[in-house]
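Written out below as structure tokens is the structure these notes cover.
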Protein chains: 2
Amino acid sequence: MNLSFDVEEFIKEFENSCNKVQKKTFEKNEVITSYIQKRNQFCILISGNADLVRYDLNGNRTIIDHFTNNDVFGEVFYNVTTNNELLVEAKSKCEVLIYSYQNIHYKCKQNCKFHQKLSEYLPELILDKVTSLNMRVELLTKRSTRDKLLGYFNLLSTRTLSKTFKLPFSLTDLADYLSVDRSAMMRELKLLKEENFIKKNGKMITLLYK
Amino acid sequence: MNLSFDVEEFIKEFENSCNKVQKKTFEKNEVITSYIQKRNQFCILISGNADLVRYDLNGNRTIIDHFTNNDVFGEVFYNVTTNNELLVEAKSKCEVLIYSYQNIHYKCKQNCKFHQKLSEYLPELILDKVTSLNMRVELLTKRSTRDKLLGYFNLLSTRTLSKTFKLPFSLTDLADYLSVDRSAMMRELKLLKEENFIKKNGKMITLLYK
DNA sequence: GTTTTTCTGTTGCAAAAGCAACAAAATAGT
DNA sequence: ACTATTTTGTTGCTTTTGCAACAGAAAAAC
């Protein structure tokens, strides 16, 4: 996230000016929302972190997306075509702004500050989402588990400007995020350590190659 | 694509009103643009079709995205972090509107109609892109070649409202799009035919299951 | 502070996917 | 219309990935 404006400031300042937006709090493991076609919910995660997960017919879980501070989500971003369940699950206590997408255009009152700012910031919020989705596609199209891992590590390294960083996921969740089998991923991690590509201590990873 | 406005109309009407936008034509196989960090190009494909492709260090080609009429692309949508080359290649003769993203905010003149309309339509254009990227992620996270194929066929079937449809790709390109080995994909297609899941005649596919 | 649950690390075996290579068919180029 | 190039369809073999299962470590719940 490198937005040109401060989402927190924006929310603090304006959340009470508009009666069409609501703020809700969710506890860990609660379902924040499920994606259903034709309900145009649009959400901004104010604090905490949450995952968009899919459970398919074989019982596989996939973490489709991982949301942290200031991320936007909701079924406006999704054309729900599959019969799989899509859920947003809170991974920690979460504060969420919930809004109906239509209401962005139909203002609640002439001078609603929230509306004004939201319209102004919206393209950037969505653009940021496109960028992160493109990175996701970039990762998922990598052919091997090794390339996915290294690709993801590179991303975190670039993001933190450091060769050492902490995984934002448990290893179990990381496997679901990279869409690979956990044991196969663990095996690959072991090889990467043995071949001196990385150093690993719990969730702390250090890249050892140039 | 199911936008609430007609992109073609918008472009026809306003493309000459703004001196900061240019229209270019590309022949088949020409490179329309390559993605380079910090150049904020933003493009709309008016006609033809094109692919966003990546060539990785092992020589694997991946079709990251496939663009047709009215699709938007450009490196505004991409945080170029990898050292891989990202190119947009014309698959047929293409007409493209090219614009610098910054210029969306800095209008060329007070009453530039193009600017006005573009600002108005932009969120929807980008939102549409998010939707298609989410579908892409949905496909790519499927665990097996079979699930990817069936997922993609379902998508085309839903889009065309028909059990029978034509693949917009060559089979070679489809493999690169689904990020699987071509021969493995062909093998799976053969099995799907043998097990009566699909009927296939060249690029025409018919789904046989409910 | 003890118990229960989740997460990590590992492995043998089975299944799926990738690689290489080639002939036939289709398409594009001249 | 003929030739060159690309695409399709196929297969044997190798490598990678996934599955199942389990023990120990860590974290969460009580």
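Protein chains get the first letters and strands the later ones, always in sequence-line order, with residue 1 at the start of each.
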Tell me the interatomic distance from [X], atom [atom1], to [N], atom [atom2], rounded to whole angstroms.
| X | N | atom1 | atom2 | answer |
| --- | --- | --- | --- | --- |
| B:Arg146 | C:dA17 | CZ | C1' | 14 Å |
| A:Asn201 | C:dT8 | CG | P | 13 Å |
| A:Arg61 | C:dC7 | CZ | C1' | 12 Å |
| B:Asp181 | D:dT8 | CG | C1' | 14 Å |
| B:Leu149 | C:dA16 | CG | P | 14 Å |
| A:Lys91 | C:dT6 | NZ | C1' | 11 Å |
| A:Asp173 | C:dC7 | CG | P | 7 Å |
| A:Leu171 | D:dA27 | CG | P | 12 Å |

Parallel, tilted or perpendicular: which fits the ring planes of A:Tyr177 and A:Phe169, with parallel below 30° and perpendicular above 60°?
-> tilted
Does [Y] offer a backbone N or O that forms a donor-acceptor pair with the side chain of [X] under 3.5 Å?
| X | Y | answer |
| --- | --- | --- |
| A:Lys93 | A:Glu95 | no |
| B:Ser34 | B:Leu86 | no |
| A:Ser179 | A:Asp176 | no |
| B:Thr145 | B:Met185 | no |

Quick one: what's the B/S/- string for nucleotides 21-30 of chain C, heavy-atom cutoff under 4.0 Å, read 5' to 3'?
-> B---------
When you check the side-chain N and O atoms of B:Thr206 and B:Thr164, is any donor under 3.5 Å from an acceptor?
-> yes
Is A:Arg54 positioned over the aromatic face of A:Tyr35, cation under 6.0 angstrom from the ring centre and no more than 45 degrees off axis?
-> no
Tell me, please, which residues at least two apart from B:Ser157 pass side-chain contact (heavy atoms from CB on, under 4.5 Å).
-> B:Phe165, B:Leu207
Residues in side-chain contact (heavy atoms from CB on, under 4.5 Å) with B:Asp181, at least two apart?
-> B:Ser183, B:Ala184
Identify all side-chain donor-acceptor contacts of residues 23-31 of chain B below 3.5 Å with residues at least two apart in sequence or on another chain.
{"unit_1": "B:Lys23", "atom_1": "NZ", "unit_2": "B:Glu15", "atom_2": "OE2", "d": "3.3"}
{"unit_1": "B:Glu30", "atom_1": "OE1", "unit_2": "B:Glu27", "atom_2": "N", "d": "2.6"}

Output for pair (A:Leu178 CG, A:Tyr152 OH), nearest 0.5 Å, gives 7.5 Å
Sorted by position of nearest nucleotide on DNA chain D, 5' first, the leading residue of B:Ala184 and B:Phe169 is B:Phe169
Has A:Thr145 got a side-chain N or O lying under 4.0 Å from the OP1 or OP2 atom of D:dT16?
-> no
Residues touching DNA chain C, which here means a heavy atom under 4.0 Å, drawn from residues 185-200 of chain B | B:Arg187, B:Glu188
Rounding to the nearest 10°, end axes of the helix from C:dG1-D:dC30 to C:dT30-D:dA1 built from five pairs each make an angle of 80°
